[in-house]
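Input: a single structure, listed below in structure tokens.
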Amino acid sequence: QQTPPAQAPGGSAATSSGLAQKPYGSLAQVMRGIPFPNSNIIFDTQSTDPAAAQKPAEGTSASSQFSGVYGGWQAVENAAIALQETANLITIPGRKCDNGRDVPVNQDDFKKWAQGLQEAGAAAYKAAQSKNMDQMVEVSGTVADACAACHEKYRDKEDLKMRCIP
């Protein structure tokens, strides 16, 4: 006999790992924390070769997008994966916009554009694996277009109270 999934705080069903599939941050927090910095890593490859990026000298801060433990092209690949994963995160039901409205996860266009973000991340990952700067320039436009599609309808509003309204 199977038992129903445990309920996590807030009523979300727990997964087999015990973690709840529920939102923890607002849409803006997720967007500022994950796709914004990671898309900038991808955009930076239009003018900076990750293979040539220098690691900072010992004792200095790591300000380069491509430095650190997982630096160079691996940082670009990881950024592309982060964009793909963001598509999953922004479609978790119950997430709110900063104005308190529900993220429009049931709107067909929102679903389409979340899928577009996942596809742009996949294309960026493939381009990063090629380590080809020309491919990165090309895929940067794909990433920008994926972001802009949703932003134009749901984010770019003069009155911030109107965000997330279809």
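Residue numbers run from 1 in the order of the sequence given. Being a predicted model, the structure only gives us computed values, none of them experimental.
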Study note, to complete from the structure: Excluding Tyr24, membership of its hydrophobic cluster (Ile, Leu, Val, Met, Phe, Trp, Tyr; side-chain heavy atoms within less than 4.5 Å) reads none
Exercise for review: Can you sort out the partners of Val137 under side chain to side chain contact (heavy atoms under 4.5 Å, CB included), two or more places apart, ordered by chain and number?
Suggested key: Gln46
Practice item. With rounding to the nearest 0.5 Å, note down the distance linking CG in Leu83 to CG in Asn78. Key: 11.5 Å
Practice item. Just jot down the side chain to side chain contact (heavy atoms under 4.5 Å, CB included) partners of Ala51, sequence neighbours excluded, or say none. Key: Asp49, Trp73
Point to revise | Over all atoms of both residues, closest heavy-atom pair of Ala146 and Gly116 | key: CB-O, 3.8 Å
Check your understanding: If you look at every heavy atom in Ala114 and Thr91, which pair is closest and at what distance?
Key -> CB-CG2, 3.7 Å
Using a 3.5 Å cut-off and no angle test, enumerate the donor-acceptor pairs between side-chain atoms of residues 32-39 and protein atoms at least two apart in sequence or in another chain.
| unit_1 | atom_1 | unit_2 | atom_2 | d |
| --- | --- | --- | --- | --- |
| Asn38 | ND2 | Ile34 | O | 2.7 |
| Ser39 | OG | Pro35 | O | 2.8 |
| Ser39 | OG | Phe36 | O | 3.1 |

Counting only pairs under 3.5 Å, give me each side-chain donor-acceptor contact of residues 158-165, with atom names and distances, residues two or more places apart or in other chains.
| unit_1 | atom_1 | unit_2 | atom_2 | d |
| --- | --- | --- | --- | --- |
| Asp159 | OD1 | Lys161 | N | 3.0 |
| Arg163 | NE | Arg155 | O | 2.9 |

Exercise for review: Ignoring hydrogens and angles, tell me if any N or O in the side chain of Arg95 forms a donor-acceptor pair with the backbone of Gly25 under 3.5 Å.
Suggested key: yes
Exercise for review: List the atom of Pro23, the atom of Pro93, and the distance in Å for their closest heavy-atom pair.
Suggested key: CD-O, 3.5 Å
Practice item. Start with the C-alpha distance between Val139 and Thr45, add both sets of side-chain angles, then the distance that settles side-chain contact (heavy atoms from CB on, under 4.5 Å), and finish with yes or no. Key: CA-CA 10 Å; Val139 83; Thr45 64; over 6 Å; no
Exercise for review: Looking only at non-hydrogen atoms, find the nearest pair between Phe110 and Ile90 and report the distance.
Suggested key: CE2-O, 3.7 Å
Exercise for review: Provide the closest heavy-atom pair for Ser47 versus Met133 in the form atom of the first, atom of the second, distance.
Suggested key: C-CE, 4.5 Å
**Study point:** Pairs touching residues 134-147 that satisfy side chain to side chain donor-acceptor pair (under 3.5 Å), sequence neighbours left out
**Key:** Ser130-Gln135
Exercise for review: Check the pair Met136 / Ile42 against side-chain contact (heavy atoms from CB on, under 4.5 Å), numbers first and verdict last.
Suggested key: CA-CA 7 Å; Met136 291 308 301; Ile42 292 165; 3.9 Å; yes
**Study point:** For Lys126, salt bridge (charged side-chain N to carboxylate O under 4.0 Å, His left out) partners two or more places apart
**Key:** none
Exercise for review: Apply side chain to side chain donor-acceptor pair (under 3.5 Å) to Asn88 and list each qualifying residue two or more places apart in sequence or on a separate chain.
Suggested key: Glu85
Check your understanding: So, Lys157 side chain and Lys153 main chain: donor-acceptor pair closer than 3.5 Å or not?
Key -> yes
Review point. About how many Å separate CH2 of Trp113 and CD of Glu152, when rounded to the nearest 0.5 Å?
Key: 8.0 Å
Exercise for review: Verify the neighbour count for atom NZ of Lys112: are there more than 12 heavy atoms of other residues, nucleotides or ligands below 6.0 Å?
Suggested key: no
Review point. Given a cutoff of under 4.5 Å between side-chain heavy atoms of I, L, V, M, F, W and Y, with clusters grown through shared members, what are the other residues clustered with Ile81?
Key: Tyr125
Exercise for review: Return the minimal non-hydrogen interatomic distance between Gly121 and Ala80, and the atom names on each side.
Suggested key: O-CB, 3.4 Å
Point to revise | Residues forming a side chain to side chain donor-acceptor pair (under 3.5 Å) with Gln115, sequence neighbours excluded | key: Gln118, Glu119
Point to revise | Verdict with supporting geometry, Met31 and Leu27, side-chain contact (heavy atoms from CB on, under 4.5 Å) | key: CA-CA 6 Å; Met31 299 306 280; Leu27 181 62; 4.0 Å; yes
Study note, to complete from the structure: Separation between CG (Leu117) and SG (Cys150), nearest 0.5 Å, reads 9.0 Å
**Study point:** Any residue meeting side chain to side chain donor-acceptor pair (under 3.5 Å) with Asp98, in chain and number order, not counting sequence neighbours
**Key:** Ser26
